[in-house]
Amino acid sequence: MILISCKNCKKVYEKESYTPFKCERCNHTVKRRVENSLQISLALVVCAMLLYIPAMLYPMMIVTQFGVNQESTIIEGIISFLEYKSYFVAFIIFIASVAIPIVKLFALFFIFISLKINIKMENKTKVLLYKYIEAIGKWSMIDIYVVALMASIVQLDEIFNIKGGIAATSFALMVIITIFAANRFDTRIIWDENRD
Ligand SMILES: [Zn+2]
């Protein structure tokens with residue numbers, strides 16, 4: 001007799017063998033381990049890290065006013081909010097679009113790498129770190145909401161126009177890929193005694 005838990009809803013089953021089956025509570029296919037979970041998650045995290053670079057360097061918003069284009073990156077946006085003394089908005093944008101994504105990516109990268117090479121760290125700490133990342137993940141899309149919202153409001157006007165730049169696309173992709181990387185990861189691997 002073996003015990004196996006559903007990766008999705010954590011329901012624990014008593015089974016005879018490790019043959020995959022459907023979870024009766026959430027309909028998720030329960031397998032012993034998600035195949036190539038670590039490799040795929042690691043590859044996705046690296047991909048998201050690469051996307052973080054254009055997201056920071058290229059313009060997030062292109063504002064056209066009277067036919068003149070004005071482009072600004074996330075950092076430039078934060079600086080201009082600071083100049084207008086909107087410290088709270090600047091702080092929120094900094095946390096949501098600069099700090100959270102990078103902390104999240106590095107934390108995930110660290111967990112995955114720690115499973116590849118032996119880094120001395122309690123498994124409990126790794127699981128805790130992962131849970132924390134999952135919890136803050138939802139908040140890193142704020143910036144995209146802001147751009148989308150502003151674009152939809154201002155697009156109607158012909159002389160004043162806001163469009164999302166390359167950074168907006170990279171940023172959205174980065175956030176989505178990070179979500180996939182975290183989601184694809186099978187936390188049960190953390191507890192495996194001998195993995196390769
Ligand atoms: Zn389930």
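Remember, it's 1-based here, ligands and their atoms both numbered in the order they're listed.
The main-chain N or O of S37 is never found under 3.5 Å from a side-chain atom of D186 such that the two would form a donor-acceptor pair. A distance-only check finds a donor-acceptor pair linking the side chain of T73 to the backbone of E76 [under 3.5 Å].
Taking both residues in full, the closest heavy atoms of A96 and F171 are given as O-CZ, 4.2 Å, listed atom of the first, atom of the second, then distance.
Heavy-atom contacts from other residues, nucleotides or ligands closer than 6.0 Å to CZ of F106 number 12 or fewer.
Here the Zn ion (ligand 1) has protein N, O or S atoms under 2.8 Å from it, and they come to 4.
Ring centroids of F81 and F88 are separated by 6.0 Å or more, keeping the two rings apart.
Residue L50 is not grouped with residue L105 when hydrophobic side chains (ILVMFWY) are merged at heavy-atom distances under 4.5 angstrom, including chains of intermediate members.
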